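Some notes on the structure that comes next.
Note that the coordinates shown come from a computational prediction; the quantities given were computed from them, not determined experimentally. Lettering follows sequence order; numbering is per chain, from 1.
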Number of protein chains: 2
Amino acid sequence: MQQSPLAPLTKKTLSDIARESLSRYIGQMLNAGQTKLPSEVELARILSVSRTTIRRALTDLEGKGTIMRIHGKGTFINPNLNQMKLDLYTGHDYYQLIRKSGFEPGVKVLSRVVQEASPLQRSDLGLKEDDQILALNKVYYADEKPCLLCINYFPQTLYDWDTLSDEVLEAFPFELIQEYAGIRCVRDSTEITTAGGNEVMAYTMGEDLLQCDSLLILDSIYYDNNNTPVFLSKTYFNTDYIKFTMIRAIEQI
Amino acid sequence: MQQSPLAPLTKKTLSDIARESLSRYIGQMLNAGQTKLPSEVELARILSVSRTTIRRALTDLEGKGTIMRIHGKGTFINPNLNQMKLDLYTGHDYYQLIRKSGFEPGVKVLSRVVQEASPLQRSDLGLKEDDQILALNKVYYADEKPCLLCINYFPQTLYDWDTLSDEVLEAFPFELIQEYAGIRCVRDSTEITTAGGNEVMAYTMGEDLLQCDSLLILDSIYYDNNNTPVFLSKTYFNTDYIKFTMIRAIEQI
DNA sequence: AAGTGGTCTAGACCACGTC
DNA sequence: ACGTGGTCTAGACCACTTG
């Protein structure tokens, strides 16, 4: 069932390459104390691509909060860039999240339990009654202090999870799913709620791992490219360590 | 100082119109039990626009979670559309937010206080020492139960706020700022954190208005089109009433 | 092979800001 | 008047899915 461990099939578009090139350029500009980027036509000429491609790259960077475009004036580096640490939209990779927040990341598998799927989980995953799921509890550390708790719910039928060691299960769930079940997840649907700090104790054998009075919760359903639900995840963030930031355009009426 | 109350300057692009038309069409499809949209070239032909314009409209709808596109197969209505109530990216209008959550919205001004700006507020707003701000506390109701608390911080110099009644101040801060200060805000920078339920009591005269053990906090800085900070807002959400949802694409490595 | 969405191009025109 | 970003077009080719 295992796929080839080779080649995660990197396939970059021209605008991806342009975006990365622009990112590097912006880093140099910051060091040089500059704030205004060349015009779009100028960038297109320099990089030898069409203006459309440049605009796509710039739109991506704008969405990430790296730059700001002002109609009639130009494109500028976001002056608050240093404060813009994490955006929700690329918040899947907890290791990067913790590192970008300025801490040294770590992870440990707390427990793995095969259990009956709840009615809501059955509905989310399209399971039948009596179907079982593997609940995988992981805690992530920032500078060796627990900062987030993540629970993944995999359908038991996806793979024979017992054969995998804790070390393997510490990887990202996407990678596990792709590597061992041969399924590639391409999107998720995530709900944002909160909870009191004591809610996670049930998952940590009564131990108050995340010592804070409130938690940010992201509840996600992950889908493959056929829009079939693959697995669930529920993550509790201590927002003392992990602060998400975003740039929002205000819709004019 | 007051601007003309006429004409909020609606200016729709072709893709905006196409998006709205598609939205209505999708509503009809849902009633008819259909899930697959016509192809992009077909839609472009029907609406007499270029495929680029259609794709822009579809990309907007995809970002809002209305539709899902599958390469090689087609464009489909998101089967979970009914559950996708609120997205963070259009979360400025609390009245709509509450209504979309299935409640009847209401609002009340709790208090308005002129006070010294804190060092952080001065930094965010580019104020000088000793500059004062107006702190405007508002509570929003869902079916007459308090569900969110919003505090706006306006620089005192923007307008003579004392001349405005509580009823006027119940409007959206953008509208206030545009109407009375003649400034149009075009974007914000927002940080997401959480707090225990008792944190808001300081703003509500000791009364526990939002009765819950944890709160979602959005801290925003609003900017005009010159990227100048205009005002701040801090909003506490009771996530029992207001649940945000989002669709995220997973970056392939 | 046919149909679908994804990317890219070259060029046009518009709207906004500055001089 | 000029430079900038914003929108739109028509057409080409590519990548994925299905028959």
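Comparing B:Ile70 and A:Leu14 along DNA chain C, the residue whose closest nucleotide (by nearest heavy atom) sits nearer the 5' end is B:Ile70. Of the two residues contacting DNA chain D, namely B:Asp16 and A:Leu58, the nearest-nucleotide position lying further toward the 5' end is that of A:Leu58.
Remark: B:Arg56 is in phosphate contact with D:dT7, judged by side-chain N or O atoms under 4.0 Å from OP1 or OP2. Checking the phosphate oxygens (OP1, OP2) of D:dC8, a side-chain nitrogen or oxygen of B:Ser15 falls inside 4.0 Å. Considering only side-chain N and O atoms, A:Arg69 lies under 4.0 angstrom from the phosphate OP1 or OP2 of D:dG6. Phosphate proximity of C:dG5 to B:Thr75: present, with a side-chain N or O under 4.0 Å from OP1 or OP2. Taking only side-chain nitrogens and oxygens, B:Thr53 comes nearer than 4.0 Å to OP1 or OP2 of D:dT9. Contact annotation: B:Lys73 side-chain N/O to C:dG5 OP1/OP2 distance is not under 4.0 Å.
Ring geometry for B:Trp161 versus B:Phe154: interplanar angle under 30°, hence parallel rather than tilted (30 to 60°).
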Report the C-alpha distance between B:Ser50 and B:Arg55 in whole Å, list the side-chain angles of each, state the deciding distance to 0.1 Å, and finish with yes or no for side chain to side chain donor-acceptor pair (under 3.5 Å).
-> CA-CA 9 Å; B:Ser50 74; B:Arg55 277 186 61 77; over 6 Å; no
Residues A:Tyr94, A:Phe237; criterion ring-ring contact (aromatic ring centres under 6.0 Å, His included); working and verdict = CA-CA 10 Å; A:Tyr94 297 143; A:Phe237 296 87; 5.8 Å; yes
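Atom-to-atom, CD of A:Glu40 to C1' of C:dT9 comes out at 15 Å; the value is rounded to the nearest Å. Distance, A:Ile54 CD1 to C:dA10 P: 13 Å, rounded to whole Å. Across the protein-nucleic acid pair, B:Ile67 atom CD1 and C:dG5 atom P stand 9 Å apart, rounded to whole Å. Taking atom CG of residue A:Leu61 and atom P of nucleotide D:dG5, one finds them 14 Å apart after rounding to whole Å. Following rounding to the nearest Å, B:Asp224 (CG) and C:dG17 (P) show an atom-to-atom distance of 10 Å. As rounded to whole Å, 19 Å separates atom P of D:dG3 from atom CG of A:Leu37. Across the protein-nucleic acid pair, A:Arg55 atom CZ and D:dC8 atom P stand 11 Å apart, rounded to whole Å. As rounded to whole Å, 14 Å separates atom P of C:dG5 from atom CZ of B:Arg45.
B:Ser39 comes within contact range of the sugar-phosphate backbone alone, with a heavy-atom separation under 4.0 Å but no base atom that close. As judged by a 4.0 angstrom heavy-atom cut-off over every strand, B:Arg51 is placed among the base-contacting residues. Backbone-only engagement by A:Val49 is indicated by non-hydrogen atom pairs under 4.0 Å involving sugar-phosphate atoms exclusively. Counting non-hydrogen atoms under 4.0 angstrom, A:Thr13 reaches the backbone sugars and phosphates but no base.
Ring-base stacking between A:His71 and D:dG6 is not satisfied when judged by a centre separation under 5.5 Å and a plane angle under 30°.
Note that the CG atom of B:Asn152 and the NZ atom of B:Lys234 stand 12.5 Å from one another [nearest 0.5 Å].
Scanning both residues, B:Glu170 and B:Lys138, for their nearest heavy atoms gives O-NZ, 3.9 Å.
Between A:Thr193 and B:Phe244, every side-chain heavy-atom pair lies at or beyond the 4.5 Å cut-off.
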